[in-house]
Enquirer: 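Here it is, the structure in full.
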Amino acid sequence: LASTVTNQEKLYRSVRFTECVNVVGEPLRVSASAFNDAGQMPSVDRELLRSNPEDSKLSVTDGIIKLCTLKVRNIDFISVDATRPNDKYAFDVIARPLSENDAPPSGNPAHAQIEPSPTYSNKSRFKKLKEALGQIADVEGWVIQPTQAANSSEF
Amino acid sequence: MSGLTASCDYMPVSAYCGSVTNSSANQTEPYSPELSSTSDIFTIPERTKLTSLSWLSDNWDGHGSVKPNGHAIQKAMTFIKEAYVMSAANRLIWKPPHISASEEGEVVFEWWNKKSKLTVYIGQESSEYLKVWGPNMASEMIADDFDETQFPQLWSWLVG
């Protein structure tokens with residue numbers, strides 16, 4: 001399995017119905033809250049290792065959005081120069097495959113995370129990341145649109 | 001609410017709030033106490049949604065988010081009514097927000113207008129706003145501490 005996520009790779013993120021906004025006459029938009037993450041490193045799945053995007057859903061009614069790795073890496077521009085191997089993206093997509101022994105959701109070789117470098121210096125930075133991911137998702141569009149659960153326990 | 005959870009129609013205040021306007025859109029009356037009670041009526045969907053946030057438990061989104069903070073929800077209830085009144089008092093259109101919560105239990109309000117977006121986080125201790133007009137966080141976003149008195153200026157930026 002490819003251990004490095006290339007710029008060309010597409011990424012899947014499971015999004016709940018309640019994390020979407022329907023603006024009349026416009027495509028379904030994604031809320032910044034769709035990228036909530038307690039560890040401030042949102043999880044994604046690599047399309048390359050997910051033959052069926054349905055497998056990336058956290059629940060059956062979730063939708064799937066697509067993100068372009070290069071666009072994620074360009075959210076906050078830091079020049080990455082091949083002659084300076086210590087240079088890093090401000091936000092990078094790092095392959096973090098989950099084994100069967102990991103905590104749920106386990107057994108996911110496609111799992112990757114959007115991680116900051118260095119770590120967050122203030123709360124605003126993660127909020128900005130979520131906004132940026134929402135902006136990218138709105139452009140890249142939906143792979144699968146979410147549906148409202150019939151007996152939804154979602155707020 | 002039918003359809004998707006947050007249907008953000010554009011709607012002038014005059015259409016939302018008949019008691020503060022005359023028949024002509026150009027003859028909107030200045031702010032009056034009536035507006036305050038009108039805001040109670042016209043923010044019912046938002047306040048209902050805020051109430052529903054209090055029903056959530058830890059890890060409500062499957063991403064480890066904590067339960068929305070009760071004090072933040074109460075602050076958000078007050079804020080949304082004030083926001084409505086301020087937009088009307090400034091004769092600006094009103095758009096219902098998308099309401100959700102952050103991983104840290106803050107209440108999140110989001111409004112879109114074409115490429116522009118305003119997000120307000122209401123927390124127990126502090127609040128924050130973000131103005132967004134593109135994905136680059138260095139050149140297309142501004143974030144700062146938020147208090148309610150800033151709302152007219154932010155709202156004007158979004159819909160003005």
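Below, chain A is the first sequence line, B the second, and so on; all start at residue 1. Just so it is clear, the values below take in all heavy atoms, side chains as well, and ignore hydrogens, waters and symmetry mates.
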Enquirer: Rounded to the nearest 0.5 Å, what separates atom NZ in B:K49 from atom OG1 in A:T18?
Expert: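 Between atom NZ of B:K49 and atom OG1 of A:T18 there are 6.5 Å.
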Enquirer: Would A:Y12 end up clustered with A:M41 when hydrophobic side chains under 4.5 Å apart are linked, directly or stepwise?
Expert: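 They do not share one cluster, since no chain of ILVMFWY contacts under 4.5 Å joins A:Y12 to A:M41.
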Enquirer: Between B:N59, B:V132, B:V66, which has the largest tally of heavy atom pairs under 4.5 Å with chain A?
Expert: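 It is B:V132.
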Enquirer: Measure the OG-CZ distance between B:S102 and A:F126 for me, rounded to the nearest 0.5 Å.
Expert: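 These two atoms lie 9.0 Å from each other.
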Enquirer: Hey, what do you get for CG (A:D76) to OG (B:S139), rounding to the nearest 0.5 Å?
Expert: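 Spacing of CG (A:D76) from OG (B:S139) equals 9.0 Å.
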Enquirer: Identify whether the distance between the nearest side-chain nitrogen and carboxylate oxygen of B:E103 and A:K130 falls below 4.0 Å.
Expert: yes
Enquirer: Which heavy atom of A:R29 sits nearest a heavy atom of B:K114, and at what distance?
Expert: NH2-O, 3.0 Å
Enquirer: In the single-linkage hydrophobic clustering (I, L, V, M, F, W, Y; side-chain heavy atoms under 4.5 Å), do B:L158 and B:F151 co-cluster?
Expert: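 Yes.
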Enquirer: Kindly compute the distance separating CG (B:D61) from OG (A:S14), expressed to the nearest 0.5 Å.
Expert: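 Answer rounded to 0.5 Å: 10.5 Å.
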Enquirer: List the atom of A:L58, the atom of B:G62, and the distance in Å for their closest heavy-atom pair.
Expert: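 Between these two residues, the closest heavy atoms are CD1-O, 4.5 Å.
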Enquirer: Do A:I144 and A:V21 belong together in a cluster built from hydrophobic side chains that touch within less than 4.5 Å?
Expert: no
Enquirer: Let me know if A:L133 has heavy atoms under 4.5 Å from chain B in its side chain, its backbone, both or neither.
Expert: neither
Enquirer: Atom CD in B:E128, atom OG in A:S124: separation rounded to 0.5 Å?
Expert: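 Rounded to the nearest 0.5 Å, the CD-OG separation comes to 3.0 Å.
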Enquirer: Membership question, hydrophobic clusters at under 4.5 Å side-chain separation (ILVMFWY): are B:W155 and B:I142 in the same one?
Expert: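 In one cluster with B:I142: B:W155, yes.
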Enquirer: List the atom of B:M137, the atom of A:R125, and the distance in Å for their closest heavy-atom pair.
Expert: SD-NH1, 3.3 Å
Enquirer: Determine the minimum heavy-atom distance between B:W112 and A:V30, stating which atoms define it.
Expert: CZ2-O, 3.7 Å
Enquirer: With a 4.0 Å cut-off on N to O distance, would you call B:E106 and A:K127 a salt bridge?
Expert: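 Counted as a salt bridge, because a side-chain N and a carboxylate O are separated by less than 4.0 Å.
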Enquirer: Answer yes if the side chains of A:E131 and B:T119 hold a donor-acceptor pair under 3.5 Å, and no otherwise.
Expert: yes
Enquirer: Determine the minimum heavy-atom distance between A:N36 and B:A101, stating which atoms define it.
Expert: ND2-O, 2.8 Å
Enquirer: Look up atom CG in A:D138 and atom NZ in B:K117, then write down how far apart they are to the nearest 0.5 Å.
Expert: 8.5 Å
Enquirer: Among A:K128, A:Q40, A:K123, which has the most heavy-atom pairs under 4.5 Å with chain B?
Expert: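 Most heavy-atom pairs under 4.5 Å with chain B: A:K128.
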Enquirer: Locate the shortest heavy-atom distance separating B:G64 from A:A38; write the atom from each residue and the value.
Expert: O-CB, 3.3 Å
Enquirer: For B:E140, which atoms come within 4.5 Å of any heavy atom of chain A: side chain, backbone, both, or neither?
Expert: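 It is neither, since no heavy atom gets under 4.5 Å.
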Enquirer: Do A:V139 and A:I64 land in one hydrophobic cluster if side-chain heavy atoms of ILVMFWY residues count as linked below 4.5 Å?
Expert: no
